[in-house]
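Below: one structure, written as structure tokens.
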Protein chains: 2
Amino acid sequence: MTAVLTKKGEATRARIIQGSAATIREIGLANTGLDQIRARTGTSQSQLFHYFPEGKAELLLAVADYEATRILDDQRPLLDALTSWTAWEQWSERILETYEREGVHCGLSALTSQLGPNDPQVRAIIGRMYESWEAALAEGLRATQRAGEISPVVNPEIAAAALVVSIQGGIQLLAATGSARHLRAAVSTVIASLRT
Amino acid sequence: MTAVLTKKGEATRARIIQGSAATIREIGLANTGLDQIRARTGTSQSQLFHYFPEGKAELLLAVADYEATRILDDQRPLLDALTSWTAWEQWSERILETYEREGVHCGLSALTSQLGPNDPQVRAIIGRMYESWEAALAEGLRATQRAGEISPVVNPEIAAAALVVSIQGGIQLLAATGSARHLRAAVSTVIASLRT
DNA sequence: ACTGTTCTGGATTGTCAAGTCCATTTATGA
DNA sequence: TCATAAATGGACTTGACAATCCAGAACAGT
């Protein structure tokens, strides 16, 4: 990398990250080489190594970061205003829609299973993502409890963890089987359990 | 492959499959080359291609098959006798134990995320595995309903799907974060929802 | 013991992808 | 405008890996 990035440089760098992310989502990390990324983003080797001097590993790290924030951003602004049943229903509907439509691949899960266990940096990114996701959900649960729409018996941390797991597991089954049946079943079961 | 396998041949073939599976679980599919497998199983290239003439793809298919049956066998005999709350508790305890101890990697999820979306044969294996897993759980739920220990209101298919998702999602989070917190939270939430 | 098959070792080949290098063009800022 | 730094193009090197091939050892059934 160079000391400073120009406007053009920023744009190219962003294009590389986004293009890589999209390519990985589409054809999987295993089939994504620098050539595929170059083709997709219209760049040369020099550019790739100019913006990511450490090579592919550094690029993948940036992609992981990008995907992690994307996952949360896709749920906003609903994610930060979960204060009523209506809001929860809108949110869960949004999740189901998103992943039913485009979500045959969760960008991160591809990276997780391949880099996660090995690379501590990717692990950290993913860990932080789950943490803030769960925190937002737990906060929403508490807010809804305060509004009297969810029983105070429900443990917000446990319920939030269960929600995240249903979504992630559901996506995994969606990718493996091609059907969103499991995702719907799991999410609706956990949400139903909030209605105690 | 040859027409018939001798005792020794069978043994070598099995050793290759099991060694490959173990290696993949430990260092990930991405880092598992034929060399790693050779080192682990003490075999030569000739042997690898003798028993799997189509090469790596054929071997990985056999590994997927092996892992798929392993996942179910690990739950047996409990899985086929889920007729009371005691049985369900034993089963879920067994699941949690297994994956908490060794289960940092679910062998199949590594294969799924890398080959699943692409390779229709692996997809089929995984699909069948989930199917029989869910069928066994649904059957157990029905049996427990018949015994009057679970409310007839519970839909066995949906609940079975939710259970599978909690476990798979929980394992994924376990692999990513290193903690079984999510797995426990999700499984216990779904099981609690059966107590209606 | 013998004959055909199965099993094993190791050298070799070919392909593909990551990473390096240098030359050239384009932008920035005084 | 001019000097400096950033951005880009593309050929080249290197290494890893799957897959092939041939020769020889071990084995099974007769």
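First the proteins, then the strands, lettered A, B, ... as listed; each starts at 1.
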*Rounded to the Å, how far apart are B:L48 CG and D:dC21 C1'?*
16 Å
*Along nucleotides 15-30 of chain C, 5' to 3', which nucleotides get a B, which get an S, and which get a -, given that the test is a protein heavy-atom distance under 4.0 Å?*
--SSBB-----S-S--
*Can you name the side chain to side chain donor-acceptor pair (under 3.5 Å) partners of B:R195, sequence neighbours left out?*
B:E89
*B:Q168 side chain to A:H182 side chain, donor-acceptor N/O pair below 3.5 angstrom*: no
*Have a look at A:L5 and say if it touches a base, only the backbone sugar-phosphate, or nothing, with a 4.0 Å heavy-atom cut-off.*
sugar-phosphate
*Salt bridge or not for A:E139 and A:R142, using N-O below 4.0 Å?*
yes
*What integer distance in Å separates A:R13:CZ from D:dA6:P?*
15 Å
_Is any side-chain heavy atom of B:L61 closer than 4.5 Å to one of B:V122?_
yes
*How far does the helix from C:dA1-D:dT30 to C:dA30-D:dT1 bend, going by the axes of its first and last five pairs, to the nearest 10°?*
30°
*Just how far, in rounded Å, is P of D:dA16 from CG of B:N31?*
14 Å
*With distance as the sole test, does A:E10 use its side chain to make a donor-acceptor pair with the main-chain N or O of A:K7 at under 3.5 Å?*
no
*Backbone N or O of A:L82 within a donor-acceptor pair of the A:T144 side chain at under 3.5 Å?*
yes
*For the pair A:E149 (side chain) and A:S84 (backbone), establish whether a donor and an acceptor sit closer than 3.5 Å, ignoring hydrogens and angles.*
no
_For a quick test of reading the model: is some side-chain N or O of B:T12 closer than 4.0 Å to OP1 or OP2 of C:dC7?_
no
*Could you state the NE2-P distance from B:H50 to D:dG24, rounded to the nearest angstrom?*
18 Å
*Using a cut-off of strictly less than 4.0 Å, decide whether B:Y51 has a side-chain nitrogen or oxygen near OP1 or OP2 of C:dT8.*
yes
*asked:* Under a 3.5 Å distance rule, please check whether A:Q36 uses its side chain to pair with a backbone N or O of A:G33 as donor and acceptor.
replied: yes
*asked:* Looking at B:Q47, I'd like to know whether one of its side-chain N or O atoms comes within less than 4.0 Å of OP1 or OP2 on C:dC7.
replied: no
*Would you please say whether a donor-acceptor pair under 3.5 Å links the side chains of B:Q75 and B:W133?*
yes
